[in-house]
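Just so you know, these numbers come straight off a predicted model, no measurement behind them. One-based numbering, in listed order, for ligands and for the atoms of each.
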Amino acid sequence: MKLLVLLLSILSLTNSQEYSFPDDFLFGVATASYQVEGAWNESDKGENIWDHITHVNPSFVIDESNGDYACDSFHRIAEDVQILKDIGVNFYRFSLSWSRILPTGHINYVSDVGVEYYNNLIDELIANDITPFVTIFHWDITPFVTIFHWDLPQPLLELGARVDYAAKVFELFGDRVKNWITFNEPYQICEQGYSIGDLAPGYTQQGIGGYLCGHTILLAHAQAYQRYYSEFSEQGGRVGLVVHGVWGEPETDSEEDAAAAEAFVQMFFGWFLHPIYSDDGDYPPIMKEQIDALSAEQNFPRSRFPTFTEAQIESLKGASDFLGLNHYGAYLCRAANENDSTVIPSHWHDSGVYCYLSDEWEASASDWFSVTPWGLRSILNWIKDAYGNPEVIVTENGFTTTTGDVVDCRRVNYYNTYLQYLLEAIYEDECNVTGYTAWSVMDNFEWQFGYTAKFGLYSVDFDDENRTRTPKMSSYVYKNIIETRQIDTTYTPDGFDSCDADAATALTISALLISISVGLHFIAHYF
Ligand code: NOJ
């Protein structure tokens with residue numbers, strides 16, 4: 001039976017598909033300020049945490065590179081918008097650089113040059129019929145070097161400043177920007193920035209730092225959301241939060257593995273969604289119980305996990321107009337055991353779960369995700385079941401390679417298969433997904449991996465000071481999907497050879513492997 005299902009699904013992926021994207025379904029591409037803009041010290045721009053860490057500690061980034069010049073998008077508005085136009089996207093998701101708009105981090109001083117840059121970008125997009133979709137905080141936040149300032153703890157200082165900054169950009173750009181994202185990926189900002197330390201600012205306070213940061217971000221999100229509705233509602237826009245969701249697939253059919261996979265999704269994804277989307281609000285109960293219990297066992301005088309007041313719980317409930325989902329892949333999960341090496345205390349240890357990438361999955365050039373298109377459908381269904389089918393916009397999805405080759409069949413295959421599962425989630429499961437965003441429009445600075453991991457639909461020549469952009473095959477395939485609103489796995493853009501040769505070989509090999517394994521299974525069973 002399993003074999004039949006597998007063969008049918010292989011066959012279904014070799015053909016054009018029956019479903020079309022709904023007429024009002026929107027397609028976009030995304031970037032973020034530090035990853036593409038460059039111009040790190042242009043005019044009065046302030047220093048942000050990525051400027052700082054890459055300059056004082058270049059080896060923080062694998063290839064010792066930085067975003068000083070990046071794709072130089074700061075100076076290439078017209079060229080970049082033309083690329084978006086050529087791909088045919090409905091919207092462009094980009095982020096604002098806090099330190100470019102507010103060089104000190106505070107609203108006491110607003111940079112005219114920074115504001116002018118974003119005004120020009122927004123106006124150019126609108127003139128070309130492309131909707132601006134704006135992230136207020138990506139990862140290049142303004143640092144507050146003081147830990148205590150007049151006895152005001154840094155998180156509180158940051159919380160206030162973040163909300164002021166959000167309100168300032170609503171005021172500056174909200175006449176034209178109607179789609180706002182407060183924060184991009186709080187888990188990565190917090191766990192990687194304040195617990196594990198592989199993202200700026202690089203703090204390593206496992207089991208504590210990430211939770212405090214996450215708490216601050218959730219509260220800042222709710223306050224920014226409320227500020228929008230109390231002061232700017234006449235602008236008629238909407239405000240959401242973007243969360244990175246890795247799907248947790250149970251390692252086996254056992255109940256224990258199913259529980260572990262569920263705990264993983266609750267504690268890594270639900271952490272930021274439960275307070276907003278669940279009926280009861282607050283953090284996921286499993287998260288509170290496990291961290292409270294382990295904190296007590298570890299002799300902490302109080303739980304390492306912060307608590308919300310009743311008023312804060314109420315302020316977070318429903319505080320998002322859409323759920324932005326960044327999704328790249330799945331993990332296999334099982335309950336952790338004593339042989340799994342984990343830092344204690346840490347978020348991973350608190351989760352009680354061990355997750356990993358299966359060797360059987362096609363790897364990407366990033367060690368943190370593989371090609372598991374079915375995981376997108378699974379996580380969309382999880383959201384639907386857990387939170388009553390809220391509106392979801394896939395705000396990031398894409399594939400990495402180590403080179404910027406324009407013949408990028410593996411990326412083409414990634415987009416075709418993920419979008420196919422997305423269609424199935426919409427039509428067969430009735431998941432409320434209204435938009436999709438490819439990460440990224442062009443190869444760019446991939447944080448701690450520098451320029452070694454490339455996600456672009458366009459390649460960028462980083463040796464050329466003009467940063468020449470060249471369309472990859474995947475950009476034409478994406479354009480064709482947007483135009484036809486269908487996935488055609490046989491589509492080959494002009495000037496390119498078909499990817500079928502590769503796909504056909506892969507299919508023949510997998511069919512052969514399946515026959516061999518079925519044969520062996522048969523022999524083992526009957527003889
Ligand atoms: C997450 C982030 O939002 C983005 O900045 C990053 O480059 C991509 N996903 C890929 O890692």
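Contacts with ligand 1 closer than 4.0 Å are made by no heavy atom of F449, backbone or side chain. Neither the backbone nor the side chain of V242 has a heavy atom within less than 4.0 Å of ligand 1.
The cationic group of R238 lies under 6.0 Å from the six-membered ring centre of F322 and within 45° of the ring axis, placing it in a cation-pi geometry.
Compare E446, Q35, E396, E185 by their heavy atoms: the one nearest to atom 3 (O) of ligand 1 is in E396.
Evaluated for a side chain to side chain donor-acceptor pair (under 3.5 Å) with T401, the options K454, K472, R410, R411 yield exactly one hit, R411.
Shown here are the side chain to side chain donor-acceptor pair (under 3.5 Å) partners of Y165, two or more places apart in sequence or in another chain: there are none. Partners of V343 according to the side chain to side chain contact (heavy atoms under 4.5 Å, CB included) rule, which considers only residues two or more places apart in sequence or in another chain, are Q206, S346.
Taking every heavy atom of N184 and a limit of under 4.0 angstrom, the matching atoms of ligand 1 come to 2 (C), 3 (O). Close approach of ligand 1 to H138 is summarised as follows: ligand atoms under 4.0 Å from at least one heavy atom of the residue are 2 (C), 3 (O), 4 (C), 5 (O).
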Check your understanding: Are E396 and R93 close enough, and set up right, to give a salt bridge (Lys or Arg N to Asp or Glu O under 4.0 Å), and what steps lead you there?
Key -> CA-CA 9 Å; E396 279 185 33; R93 179 185 166 217; 3.1 Å; yes

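Ligand 1 lies out of reach of Q188, whose nearest heavy atom is not under 4.0 Å from it.
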